Q: 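The following block contains the structure, expressed as structure tokens.
Hydrogens, waters and symmetry mates are skipped; everything else that's a heavy atom, side chains included, is used. Source: prediction; values computed, not measured.
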2 protein chains.
Amino acid sequence: MKLTEAKQQFISSWGAFGTHWGINRTMAQIHALLLINADPLSQDDIMEELNISRGNTNMNIRELINWGLVDRIILTGERKEFFTAEKDIWKVVKQIVKERKKRELDPMLKLLDQLEDVEGDKRDKNVKTFVETVSGIKKLGLQADRTLDIMIKAEENWFVGNLVKLFK
Amino acid sequence: MKLTEAKQQFISSWGAFGTHWGINRTMAQIHALLLINADPLSQDDIMEELNISRGNTNMNIRELINWGLVDRIILTGERKEFFTAEKDIWKVVKQIVKERKKRELDPMLKLLDQLEDVEGDKRDKNVKTFVETVSGIKKLGLQADRTLDIMIKAEENWFVGNLVKLFK
DNA sequence: TAATACTTTCAATGTTTTTTGAAATTTCAA
DNA sequence: TTGAAATTTCAAAAAACATTGAAAGTATTA
């Protein structure tokens with residue numbers, strides 16, 4: 001396979017993949033494009049490569065920066081801004097985990113706390129099932145929270161090297 | 001908080017939560033509803049509780065059954081079918097992980113395999129970055145694949161009890 | 001077997017999300 | 001300062017996705 005074709009393939013698949021995970025297709029594609037480009041790209045480069053509008057490009061780059069996945073680069077002698085993505089995939093994964101934890105897991109745990117102390121007779125089957133389900137989710141959520149915190153601080157070696165052995 | 005209100009809250013939040021993870025809102029809500037109901041519900045029960053149409057209900061129940069999260073129950077003496085969800089959250093999580101791995105991670109790894117042997121001079125900076133990025137993702141993906149396989153087979157105790165200690 | 005209860009399908013419709021592009025704003029070199 | 005280059009905004013348009021409901025299909029029982 002030629003490089004150009006492989007790049008296209010990667011970008012389009014990364015985009016499709018993203019949509020299954022609640023990530024906007026264009027955002028995932030821009031990320032993919034920056035991941036596989038050695039040098040930083042300008043907004044115009046990205047627009048041209050992906051055939052998308054200026055506004056769309058701008059919004060999604062911003063979003064990627066908010067997620068901590070892309071950096072704005074100022075090249076000396078250039079008026080334009082350039083953009084580049086972190087290439088170390090382990091760092092990328094940790095960053096995504098960190099953000100999703102903050103945006104989704106933490107609020108969910110807060111909600112479960114409130115729902116846990118529902119009024120009513122605990123002997124009532126419906127109250128019981130509700131409370132038990134909510135508590136069960138909270139318990140696992142808290143554990144996931146702790147585990148992910150540790151993962152976020154860990155080195156890749158830890159994950160790739162030792163995890164499997166420890167679990168067996 | 002009253003049970004009715006808490007249920008509503010849980011269902012609606014679970015639905016919103018789902019949309020952030022590429023899961024259709026209604027599907028997540030039906031799942032939530034079945035999770036917190038001690039007894040199985042019929043299609044009509046679900047339609048009424050969530051104010052959704054027959055077709056929508058039917059399609060999303062089916063999807064939940066495909067995901068292995070909901071079971072069809074035949075109650076003796078009843079003509080209708082009833083539905084119930086697995087209440088053990090650890091089992092639910094493992095089932096979701098198993099399915100998403102099959103549907104998303106496995107195909108992604110297959111793709112990366114193909115992209116890895118792109119033609120071209122490895123000294124070319126662009127070829128080099130492409131190959132390195134793809135290989136990096138593949139390496140981490142394979143590790144995740146193995147780790148998740150172990151997780152799928154594990155008991156909850158393992159996760160809740162020992163994981164943290166091992167990681168420290 | 002026929003009548004009835006229940007389930008499934010899917011074209012049409014509605015809703016949400018994404019994208020566009022032109023106008024407004026900001027930046028910076030001269 | 002000024003004004004050209006670059007960036008940002010956002011209302012409107014397009015695209016993607018979800019939902020409806022009536023008709024077709026199936027299973028059950030009298």
Q: Check the surroundings of atom CD in B:Glu48: do more than 12 heavy atoms from other residues, nucleotides or ligands lie under 6.0 Å from it?
A: no
Q: Could you tell me the boundaries of the chain B footprint on DNA chain C, defined by atoms under 4.0 Å from its heavy atoms?
A: C:dT4 to C:dT9
Q: Under 3.5 Å, is there a donor-acceptor pair between the side chain of A:Thr19 and the main chain of A:Ala16?
A: yes
Q: Quick check against the 3.5 Å criterion: does B:Ser42 have a side-chain atom that pairs as donor or acceptor with the backbone of B:Lys80?
A: no
Q: My understanding is that only one of A:Asp117, A:Asp113, A:Asp145 makes a salt bridge (charged side-chain N to carboxylate O under 4.0 Å, His left out) with A:Lys138; could you say which?
A: A:Asp113
Q: What I want to check is whether the side chains of B:Arg62 and B:Asn58 have a donor and an acceptor closer together than 3.5 Å.
A: yes
Q: So which protein nitrogen or oxygen atoms get under 3.5 Å of nucleotides 16-23 of chain D's nitrogens or oxygens?
A:
{"residue": "D:dT19", "atom": "OP1", "partner": "B:Thr26", "partner atom": "OG1", "Å": "2.6"}
{"residue": "D:dT19", "atom": "OP2", "partner": "B:Thr26", "partner atom": "OG1", "Å": "2.8"}
{"residue": "D:dT19", "atom": "OP2", "partner": "B:Asn56", "partner atom": "OD1", "Å": "3.4"}
{"residue": "D:dT19", "atom": "O5'", "partner": "B:Asn56", "partner atom": "ND2", "Å": "3.4"}
{"residue": "D:dT20", "atom": "OP2", "partner": "B:Ser53", "partner atom": "N", "Å": "2.7"}
{"residue": "D:dT20", "atom": "OP2", "partner": "B:Ser53", "partner atom": "OG", "Å": "3.0"}
{"residue": "D:dT20", "atom": "OP2", "partner": "B:Asn56", "partner atom": "ND2", "Å": "3.3"}

Q: Between N or O atoms, less than 3.5 Å apart, protein on one side and nucleotides 25-28 of chain D on the other: list the pairs.
A:
{"residue": "D:dT28", "atom": "O4'", "partner": "B:Arg79", "partner atom": "NE", "Å": "3.3"}
{"residue": "D:dT28", "atom": "O4'", "partner": "B:Arg79", "partner atom": "NH2", "Å": "3.3"}
{"residue": "D:dT28", "atom": "O2", "partner": "B:Arg79", "partner atom": "NH2", "Å": "3.0"}

Q: Could you tell me if the side chain of A:Met27 sits less than 4.5 Å from the side chain of A:Trp67, heavy atoms only?
A: yes
Q: With a sphere of 6.0 Å drawn around CE of A:Met59, does it hold more than 12 non-hydrogen atoms of other residues, nucleotides or ligands?
A: no
Q: Please check if the side chain of A:Lys87 supplies one atom and the backbone of A:Ala85 the other of a donor-acceptor pair under 3.5 Å.
A: yes
Q: For the backbone of B:Trp90 and the side chain of B:Asp88, can you confirm whether one donor and one acceptor N or O come within less than 3.5 Å of each other?
A: yes
Q: Quick one: which of A:Lys101, A:Arg100, A:Lys102 gives a side-chain hydrogen bond (donor to acceptor under 3.5 Å, both in side chains) with A:Glu104?
A: A:Arg100
